[in-house]
2 protein chains.
Amino acid sequence: MPARKKTTISDIAIAAGVSKTTVSRYINGKQNMISAAACKRIEKAIHLSNYHPSAVARSLKTQRSYLIGVVIANITTPFATSLLHGISMGLRDAGYNPIFADAEDSPETELRLTESLMSHQVDGLIVNTTTEDNRNLIELSNAGTPIVLIDRFIRDHNFDIVLAPYSKPTIDLLMHAHNEGYRHIAMFTQPYEENSPRETRLNAFVQCDNEAFGVERPMEDVYIVDPWDANSAGIAIKKLIEKLKGDDGKLETCCILATNTVTMIATYNAIREMNLTIPDPIGLCGPDDWGWARRMGWDWSATFGKGISTYETDPEEMGKEAAKLVVKRIADPNGQKQQIYTPTTLRLRQSTDLKHTLH
Amino acid sequence: MPARKKTTISDIAIAAGVSKTTVSRYINGKQNMISAAACKRIEKAIHLSNYHPSAVARSLKTQRSYLIGVVIANITTPFATSLLHGISMGLRDAGYNPIFADAEDSPETELRLTESLMSHQVDGLIVNTTTEDNRNLIELSNAGTPIVLIDRFIRDHNFDIVLAPYSKPTIDLLMHAHNEGYRHIAMFTQPYEENSPRETRLNAFVQCDNEAFGVERPMEDVYIVDPWDANSAGIAIKKLIEKLKGDDGKLETCCILATNTVTMIATYNAIREMNLTIPDPIGLCGPDDWGWARRMGWDWSATFGKGISTYETDPEEMGKEAAKLVVKRIADPNGQKQQIYTPTTLRLRQSTDLKHTLH
DNA sequence: TTGTAGGCGTTATCAA
DNA sequence: TTGATAACGCCTACAA
């Protein structure tokens, strides 16, 4: 099956017996400038040849592509899934299409992909960046490219950005633990360098551990966990237990704040393997960005034990907001940069219900 | 910050004191046709102005974009995520970029997006289609567009396609249930019209129920479940139980085959809520396309009860293969259409371990 | 209401 | 080794 040559606007013009200009007008909805007769003939010609205008030629001429480049730090997470879905819906509503690129957690890859997207004339960028220190994006932004960051910020430069308000709910969770009577808190986190949401949560933790729990060096209550390594969480738990042992050998109570859902699950499994019980002496809580699971009817956080206390983020909503924001910035390039915070919902469940359990 | 005009090949030509042609040659790696001096000047000019060639103009001229359109039926599943990741990696290795579109399970959306992708001169298409009966793709294919289907086929037309071999492992699982001594089998599936993998699994089930279990009307052992509806699985379980009640009121054993991971989890939860035990009298098994979870160190299928019997698919590998295949088809448009089956791994766990449990 | 002509940023052809 | 020049398919003054 040989590839036929594509039909172009000229073909239609000839077939309909009019000029390219007229056809172009027809395509762009300016039918009120065209005689009914011509309209008919053009319509027919287009239909017969099943002609589709070339977005490429149009982009070249108009310098607009109606394409938005979407760069995701790592697509292999449930968070990214919901994000993409939201972005996709939001852009479509505004007549734009996403070109999507997966940086695979590599700043170099992110740079390369971003350049590729730019050379394809994308009208704007939505970026979930791998790097807090992203010179390239700052340059692009300075050069006038509409850019919206999502979930991760960039230092030393003012960007449009969509965020979940991680600090507040983190503190809410920790204060709840405090009120429940936990003696200690601990934070289990993936490496947090260059990753602003984790940093934000860390800061909230440190502040709370210091102020509410009166701990002098709260960083000592922070444990680095690699959920990709099956043993990592177990090792952290062992270290934690050592610290919690009282003089009588009994464990003091401690509520663990996990940095994200995946870390939380790894931690949960580790706790169970150590034959420790939840919520006493160990409590567990953290963010829940697995909206997709809920949407599928699976409330995962209720499946583990008797339920894990979480705050739910809404990545899909974040995606939608980001989409709206780029489109807005394209229309109004010099408008004020915006920070949008999408709402979060606290869900207190058994995993931190120390008071009740003590009786 | 006003958007500066973009620098073009002409700017570079002027700055370097050469012609556009020479610059073009430089860009395209034909530096051996250029004098060392000119090379130097061009390099310098490009560097100073941080010039990036326009992929759009190039596409228009060469009729190649190095863009592959990727249409996914529904991105809101972990399966799709892994798929995308695989595609993304595979394409990148070959110098192509994915433009990705989410059809949101709607054939109309799929059509619209596909047309949009085509008008952007994509060199090929990778499609996880919503519709078995997809006239549009057949036409495009006939017109010479390189298309690779992934996970879902299209009736009445020969396409390049990447599939998991659902039939064989489904039968393996069911025969295993038979050998374990289950008296009945049942299938819990999402609606399967227009969805080839589910259909394939259904056919395998029907055949097995008939031949191995001697059931006359195997379709009566098929239950439609909507995992998005929390009650749906529960209702199906109740119906099933009615059928399993023997004369003495005791339940006969039955192994449930779930159609996919999400349905399986919904089913698992429903079984537990009914206070039924696994694997006796109810067994549970099905496919596992949650590779991402394992990659994150969470072997989910071991987390539920004492482990669920599954066969693991490898969506990431499927994506990679699809990427390789489009690229190949672009290079060799008239080559034989291929069907690629990616491997699958059987994991037998406690949820179907009836024999052992009986003692 | 319609058409002509020029150009968007490249590459390809041909000649020098 | 280099460079004019003509496309690629479309849009857009400007003119008729």
Side-chain angles (χ1 to χ4, degrees), chain A residues 3-43 45-46 49-67 115-116 118-123, chain B residues 3-43 45-46 49-67 115-116 118-123:
Chain A
R4 304 172 304 191
K5 233 181 123 304
K6 275 203 174 180
T7 79
T8 76
I9 199 172
S10 303
D11 302 328
I12 303 298
I14 294 171
V18 296
S19 74
K20 292 193 294 177
T21 309
T22 308
V23 179
S24 174
R25 286 184 180 123
Y26 177 90
I27 293 169
N28 293 308
K30 305 184 178 167
Q31 339 226 344
N32 56 333
M33 310 176 65
I34 313 175
S35 70
C39 240
K40 272 258 158 58
R41 295 205 308 278
I42 294 172
E43 184 183 351
I46 288 181
S49 63
N50 101 328
Y51 161 72
H52 294 279
S54 154
V56 170
R58 180 182 281 151
S59 299
L60 180 59
K61 178 63 192 177
T62 64
Q63 305 290 30
R64 305 202 55 182
S65 63
Y66 290 91
L67 251 28
E115 282 176 348
S116 163
M118 287 306 296
S119 87
H120 281 287
Q121 297 273 11
V122 295
D123 294 341
Chain B
R4 303 172 306 190
K5 231 181 123 305
K6 276 203 170 178
T7 80
T8 74
I9 198 172
S10 302
D11 302 328
I12 302 300
I14 294 171
V18 295
S19 74
K20 291 193 296 178
T21 309
T22 307
V23 179
S24 174
R25 285 185 180 122
Y26 176 90
I27 294 169
N28 294 307
K30 305 184 176 166
Q31 341 227 345
N32 55 333
M33 311 176 65
I34 313 175
S35 69
C39 241
K40 272 256 158 59
R41 295 205 308 279
I42 294 172
E43 183 181 351
I46 288 181
S49 64
N50 103 325
Y51 160 73
H52 293 280
S54 154
V56 171
R58 181 182 281 153
S59 298
L60 180 59
K61 180 62 191 176
T62 63
Q63 306 289 32
R64 305 203 54 183
S65 63
Y66 290 91
L67 249 30
E115 281 176 349
S116 163
M118 287 305 297
S119 86
H120 279 287
Q121 296 272 15
V122 295
D123 294 342

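These figures come from a predicted structure and were not determined experimentally. In the text below, chain A, chain B and the rest are named by the order of the sequence lines, each starting its count at 1.
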Which heavy-atom pair separates I34(B) from K30(B) by the least distance, and what is that distance?
CG1-O, 3.7 Å

Nearest heavy-atom approach of S119(B) to P53(A) is CB-O, 3.4 Å

Can you measure Y51(A) atom OH to dG9(D) atom P for me and round it to whole angstrom units?
10 Å

With a 4.0 Å heavy-atom cut-off, tell me which residues in residues 23-43 of chain A come close to DNA chain D, sorted by residue number.
S24(A), R25(A), N28(A)

Assuming nearest nucleotide by heavy-atom distance, tell me which of Q121(B) and K20(B) is located more 5' along DNA chain D.
K20(B)

With a 4.5 Å heavy-atom cut-off, do H52(A) and E115(B) have their side chains touching?
yes

Over all atoms of both residues, closest heavy-atom pair of K6(A) and D11(A):
O-OD2, 3.9 Å

DNA chain D nearest-nucleotide lookup for V18(B) and I9(A): closer to the 5′ end is V18(B)

Just how far is it from atom OG of S116(B) to atom CG of L67(A), taken to the nearest 0.5 Å?
7.0 Å

Sequence-distant partners of Y66(A), ring-ring contact (aromatic ring centres under 6.0 Å, His included), two or more places apart:
Y96(A)

Looking only at heavy atoms, what is the nearest atom pair of A13(B) and S19(B), with distance?
CB-C, 3.7 Å

Distance-only, no hydrogens or angles: does the T62(A) side chain make a donor-acceptor pair with backbone N or O of R58(A) under 3.5 Å?
yes

Decide yes or no on side-chain contact (heavy atoms from CB on, under 4.5 Å) for Y26(B) and V18(B), but give the supporting numbers first.
CA-CA 11 Å; Y26(B) 176 90; V18(B) 295; over 6 Å; no

Residues forming a side-chain contact (heavy atoms from CB on, under 4.5 Å) with L60(B), sequence neighbours excluded
V56(A), A57(A), L60(A)

At a heavy-atom distance below 4.0 Å, which nucleotide of DNA chain C is the first touched by chain A, and which is the last?
dT1(C) to dG9(C)

Which ones in residues 54-67 of chain B lie close to DNA chain D, meaning a heavy atom under 4.0 Å from one of its atoms?
L60(B), K61(B), Q63(B)

Verify, without hydrogens or angle tests, whether S65(B) (side chain) and Q121(B) (backbone) share a donor-acceptor contact under 3.5 angstrom.
yes

Report yes if some heavy atom in the side chain of I27(B) is under 4.5 Å from a heavy atom in the side chain of I9(B); otherwise report no.
yes

Hey, what bend do you get for the helix from dT1(C)-dA16(D) to dA16(C)-dT1(D) if you fit axes on five pairs at each end, rounded to 10°?
40°

Are Y51(A) and I42(A) side-chain neighbours, meaning at least one heavy-atom pair lies under 4.5 Å?
no

